[in-house]
S.K.: 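Take this structure first; my questions come after.
So you know, we letter chains A, B, ... as the sequences are listed, proteins then strands, and number each from 1.
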There are 2 protein chains.
Amino acid sequence: MTEAKQDTHLIEHTLDHVEVLKGHFLHAFRDQVRLPNGDTATREYVIHPGAVMIIALLDDGRLVMERQYRYPVKQVMIEFPAGKLDAGEDRLACAQRELLEETGYRAKEWAHAGVLHPVISYSTEFIDIWFARGLRLGERRLDEGEFLDVFTASLDELLAWSREGQLTDAKTLTGLLWLQNHLSGSGPRQWQSVG
Amino acid sequence: MTEAKQDTHLIEHTLDHVEVLKGHFLHAFRDQVRLPNGDTATREYVIHPGAVMIIALLDDGRLVMERQYRYPVKQVMIEFPAGKLDAGEDRLACAQRELLEETGYRAKEWAHAGVLHPVISYSTEFIDIWFARGLRLGERRLDEGEFLDVFTASLDELLAWSREGQLTDAKTLTGLLWLQNHLSGSGPRQWQSVG
């Protein structure tokens, strides 16, 4: 992967781009593309503004988690706090806003963990992942119509729930991988202090 | 999480269910729901048949991987082999079919690793994750219009790429968490032989 690679045998080129759904939330397009062999094909996908997820570490090593009913999968899911970017919003500012609104926590220090793409076959969505520490609990301010429980869990509990099938949210599972590697000292991590 | 919990303060109930897009691939609905406080809200989401992903372990410990252009994110992505379930298809049968079609490998032994939900806010999709070992290379048979590179990588290489931001696909990152735990001996794993 380190050498420069020519990917012309894989890349698809846009021929046409048509809006097929402008919903309250979902915004979908159907593109015609030219395949690597010159044939054409159709690609349908959702345009998404992107999101952030926060891995918030309490001083005792426990994590700030949420339980939230997710209507499409008809289950209460265990998740790291997360939320969508507002138009033009800075990613770290969004992470600070979402952590405070959903859980009531402010963090003194932040470190960027990475980016994940949750659904590369039919959405443009990316999720920017942040670590937060130096937490102080204030008062949460949920959005209108938002209902969720906040609780804390240890990494061992979260890993056990993932093995037992009680934790199946891909962004949260990906966060556990980053957290495990972070705690084992792998990979660089630059913390920045925030007013 | 171990005790029985009443989640009536979180759960949403369907009031109305309307198809808003029947595309070639995307099938989307807009539901009206009753919120826990009695108010109503709108939920838009994609109906998906579900998918499988295969973590295929070669005898030398390397993994069978793919590089594939993913049009919505406009990038060539590093992924574990995966594919959608056909209507009524058995999940293990689908995993065997997708591994063979996309990579040319057949596996003698299979073990179910777990389930993940890639995008719980706007899709019903689940991905069933399987380990495969005892691999023999035959001939791959890609679907019409499918273009991808097959290669092998070690777990250390994959973890390094995840840290460096070259591997950002959430299903694949989740697979790395399961693989790491599997190799460290955590969690039960029952292998079944397949003709």
S.K.: Hey, which of Y69(B), F29(B), F126(B) has the most heavy atom pairs under 4.5 Å with chain A?
M.R.: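 Ranked by heavy-atom pairs under 4.5 Å with chain A, first place is Y69(B).
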S.K.: Heavy atoms, side chains only, cut-off 4.5 Å: are L10(B) and Q68(A) in contact?
M.R.: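 The answer is no, as the side chains (C-beta and beyond) never meet within the 4.5 Å cut-off.
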S.K.: Can you name the nearest heavy-atom pair linking L177(A) to L176(B), along with the distance?
M.R.: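 That would be CD2-CB, 4.0 Å.
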S.K.: For the interface with chain B, which of L167(A), I47(A), T42(A) has the highest count of heavy-atom pairs at distances below 4.5 Å?
M.R.: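 Maximum pair count with chain B is reached by T42(A).
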S.K.: For the residue pair L173(A) and W178(B), establish whether any side-chain heavy-atom pair is separated by less than 4.5 Å.
M.R.: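 Counting from C-beta outward, L173(A) and W178(B) do come under 4.5 Å.
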S.K.: Testing the basics here: between S121(A) and P72(B), what is the closest heavy-atom pair and its distance to 0.1 Å?
M.R.: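 Closest heavy-atom pair between S121(A) and P72(B): O-CG, 3.6 Å.
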S.K.: Under a single-linkage definition using a 4.5 Å side-chain heavy-atom cutoff for Ile, Leu, Val, Met, Phe, Trp and Tyr, are I54(B) and I78(B) assigned to the same hydrophobic cluster?
M.R.: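 Cluster IDs for I54(B) and I78(B) differ.
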S.K.: With hydrophobic residues grouped by side-chain heavy-atom distances under 4.5 Å, do W191(A) and W130(A) end up in a single group?
M.R.: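 No; W130(A) is not reachable from W191(A) via cluster members.
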S.K.: Between T14(A) and chain B, which part of the residue has a heavy atom less than 4.5 Å away: side chain, backbone, both or neither?
M.R.: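 Both parts, backbone and side chain.
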S.K.: Please report the interatomic distance OG1(T172(B)) to CD1(I120(A)), rounded to the nearest 0.5 Å.
M.R.: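 Those atoms lie 6.5 Å apart.
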S.K.: State, with a plain yes or no, whether a side-chain heavy atom of K74(A) is found less than 4.5 Å away from one of T124(B).
M.R.: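 No - every pair of side-chain heavy atoms lies 4.5 Å or more apart.
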S.K.: Do R30(B) and L26(A) pass the side chain to side chain contact (heavy atoms under 4.5 Å, CB included) test, and can you show the C-alpha distance, the side-chain angles, and the key distance before you say yes or no?
M.R.: CA-CA 9 Å; R30(B) 178 182 302 140; L26(A) 287 182; over 6 Å; no
S.K.: Tell me whether E44(B) contacts the main-chain N or O of G23(A) through its side chain, where contact means a donor paired with an acceptor under 3.5 Å.
M.R.: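 Side chain of E44(B) to backbone of G23(A), a donor-acceptor pair under 3.5 Å: no, none is there.
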S.K.: Tell me whether the count of non-hydrogen atoms from other residues, nucleotides or ligands lying under 6.0 Å of CZ in R106(A) goes above 12.
M.R.: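 Open.
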S.K.: Could you tell me whether a side-chain N or O of E12(A) sits under 3.5 Å from a main-chain N or O of Y71(B), the two making a donor and an acceptor?
M.R.: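 No: the side chain of E12(A) does not pair with the backbone of Y71(B).
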S.K.: So which of M77(B), E157(B), K171(B) has the biggest tally of heavy-atom pairs under 4.5 Å with chain A?
M.R.: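 Ranked by contacts with chain A, first place is M77(B).
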S.K.: What is the distance from atom CZ of R43(B) to atom NE2 of H24(A), rounded to the nearest 0.5 Å?
M.R.: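 It is 12.5 Å, given to the nearest 0.5 Å.
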S.K.: Please work out whether the ring planes of H48(B) and Y122(A) are parallel, tilted or perpendicular, with thresholds of 30° and 60°.
M.R.: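 It falls in the parallel class, under 30°.
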S.K.: What part of L21(B) gets closer than 4.5 Å to chain A, counting heavy atoms only: side chain, backbone, both or neither?
M.R.: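 L21(B) touches chain A through side-chain heavy atoms alone.
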S.K.: Would one find more than 12 heavy atoms of other residues, nucleotides or ligands at under 6.0 Å from atom CD of E19(B)?
M.R.: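 Counting neighbours around CD of E19(B), more than 12 heavy atoms of other residues, nucleotides or ligands fall under 6.0 Å, so yes.
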S.K.: Flag the one option from L148(A), D39(A), N37(A) with the top tally of heavy-atom pairs under 4.5 Å to chain B.
M.R.: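 Of L148(A), D39(A), N37(A), N37(A) has the most heavy-atom pairs under 4.5 Å with chain B.
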S.K.: Counting heavy atoms not belonging to Q192(B), are there more than 12 under 6.0 Å from its CD?
M.R.: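 Result for CD/Q192(B): enclosed.
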S.K.: Can you tell me which portion of E79(A) sits under 4.5 Å from chain B's heavy atoms? Options are side chain, backbone, both or neither.
M.R.: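 Only the side chain of E79(A) comes within 4.5 Å of chain B.
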S.K.: What part of L159(B) gets within 4.5 angstrom of chain A, counting heavy atoms only: side chain, backbone, both, or neither?
M.R.: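 Only the side chain of L159(B) comes within 4.5 Å of chain A.
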S.K.: When clusters are formed by joining ILVMFWY residues with side-chain heavy atoms under 4.5 Å apart, either directly or through shared neighbours, do I11(A) and V33(A) land in the same one?
M.R.: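 Per the 4.5 Å side-chain linkage, I11(A) and V33(A) are co-clustered.
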S.K.: Return the minimal non-hydrogen interatomic distance between S123(A) and V73(B), and the atom names on each side.
M.R.: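 Heavy atoms of S123(A) and V73(B) come nearest at O-CG1, 3.8 Å.
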S.K.: Do F151(A) and F147(A) belong to the same hydrophobic cluster, where Ile, Leu, Val, Met, Phe, Trp and Tyr are linked whenever their side-chain heavy atoms lie under 4.5 Å apart, directly or via other members?
M.R.: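 Cluster IDs for F151(A) and F147(A) differ.
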S.K.: Quick one: do V46(A) and F25(B) end up in the same hydrophobic cluster if we chain Ile, Leu, Val, Met, Phe, Trp and Tyr together by side-chain heavy atoms under 4.5 Å apart?
M.R.: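 Linked, V46(A) and F25(B) end up in one cluster.
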S.K.: Under 4.5 Å from any heavy atom of chain A, what part of T174(B) do you find: side chain, backbone, both or neither?
M.R.: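 Both backbone and side chain.
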S.K.: Less than 4.5 Å apart, side chain to side chain, heavy atoms only: is that true for N181(A) and Q180(B)?
M.R.: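 Answer yes - side chains close enough.
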S.K.: In the structure I gave you, are the side-chain heavy atoms of H117(A) and Q75(B) within less than 4.5 Å of one another anywhere?
M.R.: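 Contact flag for H117(A)/Q75(B) side chains = yes.
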S.K.: Less than 4.5 Å to any heavy atom of chain B: does that hold for the side chain of V20(A), its backbone, both, or neither?
M.R.: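 Contact with chain B involves both backbone and side-chain atoms of V20(A).
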S.K.: Check whether V119(B) gets within reach of chain A through its side chain, its backbone, both or neither, counting any heavy atom under 4.5 Å.
M.R.: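 For V119(B), the side chain is the part near chain A, not the backbone.
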S.K.: Where do A170(A) and P118(B) come nearest, in terms of heavy atoms and distance?
M.R.: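 Residues A170(A) and P118(B), closest heavy atoms: CB-CA, 3.8 Å.
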